[in-house]
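Data first, discussion second: the structure below is written as structure tokens.
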Amino acid sequence: MAVKDLLNKLTDVFTKDEKSNIGKLFLIVDDQIQNVRSSLSKVEEWRDIENAQGKALDALGDNVGQKRGQSTDEVYRVLIRGKVARNLSDGTTNRIIKAIATSLSCDPAEISIINAHDADSPDLVEPAAIVITKVPLDALNLTGMSTSQFLQIVDSIRAGGVRVASVNLEGTFAFAAGTELEEGSDFGFSDDLEEVGGTLSGIFTPQRDYKLPI
């Protein structure tokens, strides 16, 4: 409610002017009301895990039993989402994909998992192992997690007795097919401003890194 609206509610014995003493008092009250409204609005906004920061995010993590450890806010959001997803996962491939997608806040269609013995690699012949053949690199980069930290999350989602053999962090870069000319797109070479162009892929295997509190 504006100061002018407050003044209009006064009886006619008062001077209904913001420069009057009563008007100046209402200006002070209005400032406090706006501060309270701003605080309440931020509290409501920070109830969303995607917006919460610092202690507010810690409180959301405590609600699901997920500790922060050394994690930044971005990584901690992944851990919280992953904690919820792990509680619902039964270890099947589809559930693992859904849990990873929930953790990274991406589309499940961007993730692909196959059995190790179906992989085109003579080194991966064990039956109780999986290979994650596609993970969106951009989504992982947005979290600020290292590749080994991401593997820790995947390892916590898998079924008991099943090993994660390797993970492919797939980029979007691709060459033109056949006789097609090069073109600027989300899949080809970048332009001078780097506003278009694909990203390179990368493959990693498990390595040591500081442990996430999973």
Side-chain angles (χ1 to χ4, degrees), residues 37-113 130-160 162-172 186 194-195 197-214:
R37 284 179 175 173
S38 177
S39 297
L40 291 175
S41 177
K42 179 170 287 188
V43 168
E44 181 64 27
E45 180 183 352
W46 280 19
R47 290 173 64 88
D48 186 341
I49 185 178
E50 303 304 327
N51 299 320
Q53 301 175 20
K55 292 294 184 182
L57 189 59
D58 290 343
L60 294 178
D62 290 341
N63 288 340
V64 298
Q66 177 60 60
K67 296 181 179 179
R68 176 189 283 268
Q70 305 176 49
S71 306
T72 62
D73 283 351
E74 289 75 15
V75 174
Y76 195 30
R77 291 189 184 97
V78 176
L79 294 179
I80 294 173
R81 290 194 297 261
K83 176 72 172 183
V84 175
R86 289 196 301 275
N87 291 341
L88 299 175
S89 178
D90 57 8
T92 60
T93 299
N94 287 338
R95 284 289 188 177
I96 293 175
I97 290 175
K98 186 173 182 179
I100 295 173
T102 300
S103 299
L104 296 181
S105 192
C106 67
D107 191 330
E110 298 181 86
I111 299 169
S112 177
I113 298 177
I130 58 174
V131 175
I132 300 179
T133 58
K134 184 173 71 170
V135 173
L137 189 58
D138 288 343
L140 184 58
N141 286 337
L142 286 175
T143 67
M145 283 193 306
S146 68
T147 51
S148 56
Q149 288 172 340
F150 170 67
L151 185 63
Q152 290 175 42
I153 291 179
V154 174
D155 197 53
S156 69
I157 297 172
R158 64 172 174 75
V162 176
R163 187 176 75 89
V164 180
S166 64
V167 179
N168 175 26
L169 298 180
E170 184 177 87
T172 60
D186 291 336
E194 298 185 359
E195 293 179 347
T199 57
L200 297 177
S201 62
I203 300 176
F204 73 95
T205 52
Q207 62 183 24
R208 296 186 61 81
D209 202 339
Y210 78 85
K211 286 284 188 178
L212 295 174
I214 299 176

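Worth knowing before you read on, the calculation uses all heavy atoms, side chains too, and leaves out hydrogens, waters and symmetry mates. Numbers here are sequence positions counted from 1.
- The side-chain heavy atoms of Leu142 and Glu74, taken from C-beta on, include no pair separated by under 4.5 Å.
- Within the model, atoms OG of Ser71 and CE of Met145 stand 9.5 Å from one another, a figure rounded to the nearest 0.5 Å.
- Put simply, the side chain of Gln149 does not reach to within 4.5 Å of the side chain of Leu79, judged on heavy atoms.
- Between the side chain of Asn51 and the backbone N or O of Arg47, no donor-acceptor pair lies under 3.5 Å.
- Across every non-hydrogen atom of Arg158 and Val164, the tightest pair is CD-CG2, 4.0 Å.
- Interatomic distance, Asp73 CG to Thr143 OG1, rounded to the nearest 0.5 Å: 13.0 Å.
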Item to complete: Let me see the working for Thr92 and Asn94 under side-chain hydrogen bond (donor to acceptor under 3.5 Å, both in side chains), right down to the final yes or no.
Response: CA-CA 6 Å; Thr92 60; Asn94 287 338; 5.9 Å; no
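- The shortest side-chain heavy-atom distance between Arg37 and Leu40 does not fall under the 4.5 Å cut-off.
- Although no hydrogens or angles enter the test, the distance criterion places a donor-acceptor pair under 3.5 Å between the side chain of Tyr76 and the main chain of Gln66.
- Heavy atoms only, all atoms of each residue included: Ile111 and Ile97 are closest at CD1-O, 3.9 Å.
- Atom OG1 of Thr102 sits about 14.0 Å away from atom CD1 of Ile80, to the nearest 0.5 Å.
- Closest approach of Ala109 to Lys134, counting heavy atoms only: O-NZ, 3.3 Å.
- Taken to the nearest 0.5 Å, the CD atom of Glu50 stands 5.0 Å off from the OG atom of Ser105.
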